[in-house]
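Working notes for the structure below.
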Amino acid sequence: MKRLNLKLAAALVAAAGAVGAVATPAMAAEEQFVPLLVYRTGSFAPLGIPWADGKLDYLKLVNERDGGVNGVKITYEECETAYATDRGVECYERLKGKGTGASGFDTQSTGITFAVSDKAMVDKVPVETMGYGLSQSVDGSVFEWNFPLLGTYWTAADVMIQDIAKKEGGMDKLKGKKIALVYHDSPYGKEPIPLLQKRAAKEGFELLLYPVTAPGVEQKSTWLQIRQARPAYVLLWSAGIMTPTAVREAQASGYPRDKMYAIWWAGSEGDVKDLGDVAKGYNAITIHNSGANHDKVYDDLKKFVYDKGQGSDKTGNTTLGTIAHTRGMMISMLQVEAIRTAQEKYGKGKALTPEQVRWGFENLNLTQEKLDKLGFGQIMRPVKTTCGNHMGDDWARIVQWDGSKFKVASDWYQSDKAILDPMVKEAAAKYAKEKNITPRKCE
C-alpha cells in the first residue's frame with residue numbers, strides 16, 4: 001500500500017509539473033523604464049500639458065509601432081511636480097530605482113535640475129534637459145550625467161541677439177541701444193543673464209533687467225517701467241500664464257509686439273492663440289519646426305496611437321501638432337535613441353542600466369538619414385554628442401505669430417562659440433571646484 005501511494009504521489013507531482021509547465025507564460029519581454037516628470041497643474045500648466053502629452057505619446061508610439069526598442073518595451077510613470085522643486089525631488093527619489101533603473105530624467109524645470117544634478121552623479125542616473133537646465137553642463141568633462149541637448153538658455157539668448165543685430169544691420173548697430181529682459185524671478189528666468197551681460201559689454205548695448213514674481217500675473221509696474229525706459233527690444237523669459245499676461249501688458253503700454261523675443265517655453269500656440277491679433281508680430285525662438293510641416297512621425301502617431309483611442313490628448317486633439325507637443329515628442333525621441341545607441345554597445349534586446357543609457361546619451365549621432373527614418377527629418381537638424389560636448393548641435397531659428405499661427409521668420413542660427421565656449425569652461429571649472437569634482441579627460 002505504501003508503495004502504491006508513493007507511485008500515486010509521484011504521478012500527481014509529475015502531473016502537477018506538467019500542468020505548471022503549460023500554465024507558465026513564456027519568459028517576459030525585457031522592459032526599460034522611463035520616468036515622466038510633468039506639471040499638468042499649476043501656473044505653468046498651459047505649457048506643461050502639451051509638453052507632457054508629447055513625451056507620453058511618443059513612448060506609446062515606439063511600443064505600438066516598433067514593439068519597443070529592439071524588442072524591449074518602454075514602461076513609464078508620470079509624476080506630477082506642479083513645477084515645484086521639492087515635489088520634483090520627491091518624484092526623482094521615488095522613481096530613480098524602478099525596473100533596471102530610471103533611463104533618464106527630463107525634469108521639466110531648471111530648479112529641479114539644479115536640485116537633482118548633485119544626486120544624479122552619486123546615483124549614476126542621466127538628466128536630460130533639452131533646451132534648458134544648467135548652461136555650463138554642456139561641458140561633459142565636468143557634468144558627466146547632465147545632457148542639455150540641442151541648446152541652452154545661453155545659446156538661445158545669443159541667437160536672439162544675433163537676429164536682432166541682423167534686423168538692425170549689424171552687431172555694431174546695437175551700440176548705445178537698450179535691450180530689456182523681462183524674466184520669471186527663478187533659476188529659470190535668471191539663467192540667460194550672464195550671456196546677455198557678456199554680449200552687452202562686447203556690443204555696447206545697455207541691458208535692463210526686470211524680474212517678475214511668480215506666477216507672473218502682476219506685471220503692470222514692469223511694463224510701466226518699460227514704457228518709461230523705451231528699450232529697443234524686450235526679451236521675454238516666461239512660461240505658462242505669465243506669457244499671455246506679458247503680451248497683454250505690452251499692448252496696454254503701447255510696446256510693439258514685433259520688438260519682443262520670447263524663449264521657446266513662451267513660444268507655442270497655447271501661449272498666444274487666445275490673443276489673436278493682440279500678439280501679432282510676437283517673436284519666439286525655437287529649436288525645431290512646428291507641427292505644421294506634418295513630418296512622418298505625425299502620420300505614425302495618428303495611425304498607431306490616436307486612431308486606436310490611445311492618444312494622451314483627451315481634449316479633442318488640441319495639443320497634437322503644436323510646438324510644445326512636438327518638443328515633448330523630441331525629448332522622448334532623444335531618450336529612446338539614447339537607449340538604442342547604448343544597446344549597440346551593451347546588447348540589443350536587453351534592458352539597460354541608467355549608467356549604460358548615459359553612454360548612449362553621450363554617443364548620440366542622429367544624422368539626417370536617421371532623422372528621416374524616425375519621422376523627424378523636417379522637424380529638427382542633425383545632432384551629435386561627445387564626451388566633451390553634452391549639448392551636441394544647437395541649431396535654432398525665429399518664428400513669428402501672424403495672428404493665427406507661427407511662421408518661420410529666419411534662417412537657422414547657431415550660437416557664437418567664441419563667446420559661449422569660454423563661458424561654459426569657466427562656469428564648469430568653478431562648479432567642479434565647488435563640488436570637488438575631478439574633470440574627466442575627453443579626447
So does E168 pair up with K177, basic N to acidic O under 4.0 Å?
yes

What closest approach, in Å, do S312 and Y306 show between heavy atoms, and which atom pair accounts for it?
N-OH, 3.4 Å

Between the side chains of E80 and T41, is a donor N or O closer than 3.5 angstrom to an acceptor N or O?
yes

Can you see whether D300 engages Y58 through a side-chain donor-acceptor pair at a distance of less than 3.5 angstrom?
no

Can you confirm whether the side chains of D123 and Y92 place a donor and an acceptor under 3.5 Å from each other?
yes

Check the surroundings of atom CD in E218: do more than 12 heavy atoms from other residues, nucleotides or ligands lie under 6.0 Å from it?
no

State whether a side-chain donor-acceptor pair under 3.5 Å links S103 with Q335.
no

Are M329 and L301 side-chain neighbours, meaning at least one heavy-atom pair lies under 4.5 Å?
yes

Using 4.0 Å as the upper bound for N to carboxylate O, is an ion pair formed by E362 and R358?
yes

Checking side chain to side chain contact (heavy atoms under 4.5 Å, CB included) between V383 and each of L149, L366, T367, which is the one that passes?
L366

Pair D106 + K55, salt bridge at N-O below 4.0 Å
yes

Do the non-hydrogen side-chain atoms of S117 and Y431 ever get within less than 4.5 Å of each other?
yes

Six-ring centre of W223, R248 cation under 6.0 angstrom, axis tolerance 45°
no

Given side chains that start at C-beta, do those of P439 and V142 come closer than 4.5 Å, heavy atoms only?
yes

Surrounding NZ of K417 (heavy atoms of other residues, nucleotides or ligands, distance under 6.0 Å), is the total greater than 12?
yes

Looking only at the side chains, is there a donor atom on one of K350 and Q356 sitting less than 3.5 Å from an acceptor on the other?
no

Can you name the nearest heavy-atom pair linking Y413 to Q162, along with the distance?
CD2-OE1, 3.5 Å

Between H325 and D57, is there a side-chain donor-acceptor contact under 3.5 Å, judged purely by atom types and distance?
yes

Should the pair K119-E93 be classified as a salt bridge under the 4.0 Å nitrogen-to-oxygen rule?
yes

Salt bridge or not for D172 and K175, using N-O below 4.0 Å?
no

For a quick check under 3.5 Å, do T341 and N363 share a side-chain donor-acceptor pair by atom type?
no

Output yes when K220 and E249 qualify as a salt bridge under the 4.0 Å nitrogen-oxygen rule, no when they do not.
yes

Would K273 and E269 pass as an ion pair if we require N to O under 4.0 Å?
no

